[in-house]
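Numbers here simply count residues along the sequence, with the first being 1.
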Amino acid sequence: MNLHETQTTTSQDVGRGVLGTFMLGAGTGHLTFARQSFQAQVPDWVPMDKDTVVLLSGVVELALGLSMLLNTRHKVPMGLGLAAFYALVFPGNLHQYARRLSAFGLNTDTQRFVRLFFQPVLMGWALWSTGAWKALRQKK
């Protein structure tokens with residue numbers, strides 16, 4: 001798998017830009033206006049203060065977002081890293097659903113349940129838009 005010469009299409013580049021911008025917005029929200037809502041997603045079993053987890057994950061999201069926008073040489077590792085990040089935060093979505101916690105306008109069990117299906121979509125988007133999906137297939 002060549003991590004440095006992966007070619008992506010214009011639509012993948014646009015998708016990567018949109019996803020990077022989304023991550024910058026989410027990271028900004030973690031650090032500012034949505035901190036309390038994000039705390040609702042931190043599972044109780046996480047051995048850290050919920051606000052600290054939210055702040056740290058916000059910093060990671062800002063770094064990932066900036067990398068998606070600016071680091072075109074290392075697209076594949078960025079896609080793999082972002083997909084892994086989405087997998088790591090998925091337990092927070094499960095926690096919000098299982099505990100029936102309202103946050104981000106998700107005020108019903110149905111809304112919280114439907115949201116669970118967006119995490120795999122985001123993972124796929126990260127892998128596709130960076131060429132990681134193709135690079136992984138070519139490795140086999």
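Sequence neighbours left out, not one pair with a member in residues 54-65 passes salt bridge (Lys or Arg N to Asp or Glu O under 4.0 Å). Under the salt bridge (Lys or Arg N to Asp or Glu O under 4.0 Å) criterion, no residue pair touches residues 76-94, with sequence neighbours excluded.
When the side chain to side chain donor-acceptor pair (under 3.5 Å) test is applied to Ser57, the partners found at least two apart in sequence or on another chain are His30. Scored by the ring-ring contact (aromatic ring centres under 6.0 Å, His included) test, Phe33 finds no partners at all (sequence neighbours excluded). Scanning for side chain to side chain donor-acceptor pair (under 3.5 Å) contacts around Asp13 gives Thr8, Arg16, with sequence neighbours left out. With sequence neighbours left out, the salt bridge (Lys or Arg N to Asp or Glu O under 4.0 Å) criterion links Arg100 to Asp109. Evaluation of the side chain to side chain contact (heavy atoms under 4.5 Å, CB included) rule for Leu19 yields Phe22, Met68, Leu82, Tyr86, Leu122, Trp125, Ala126, Ser129 as partners, not counting sequence neighbours. Evaluation of the side chain to side chain contact (heavy atoms under 4.5 Å, CB included) rule for Ser11 yields Thr9, Trp128 as partners, not counting sequence neighbours. Remark: Leu24 pairs with Leu62, Leu66, Leu69 by the side chain to side chain contact (heavy atoms under 4.5 Å, CB included) rule, at least two apart or across chains. Among residues two or more places apart in sequence or in another chain, the ring-ring contact (aromatic ring centres under 6.0 Å, His included) test is passed with Tyr97 by Phe113.
Hydrophobic cluster membership of Val114, counting Ile, Leu, Val, Met, Phe, Trp and Tyr whose side-chain heavy atoms lie under 4.5 Å apart directly or via other members: Phe118.
With a 4.5 Å cut-off on side-chain heavy atoms, Leu80 and Leu136 count as touching. Under the 4.5 Å side-chain criterion, counting only non-hydrogen atoms from C-beta, Val46 is not in contact with Lys50.
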What pairs of donor and acceptor atoms, side-chain ones from residues 36-43 against any protein atom, are under 3.5 angstrom apart with sequence neighbours left out?
| from | atom 1 | to | atom 2 | distance (Å) |
| --- | --- | --- | --- | --- |
| Gln39 | NE2 | Asp51 | OD1 | 2.8 |
| Gln41 | NE2 | Asn93 | OD1 | 2.9 |
| Gln41 | NE2 | Gln96 | OE1 | 3.2 |

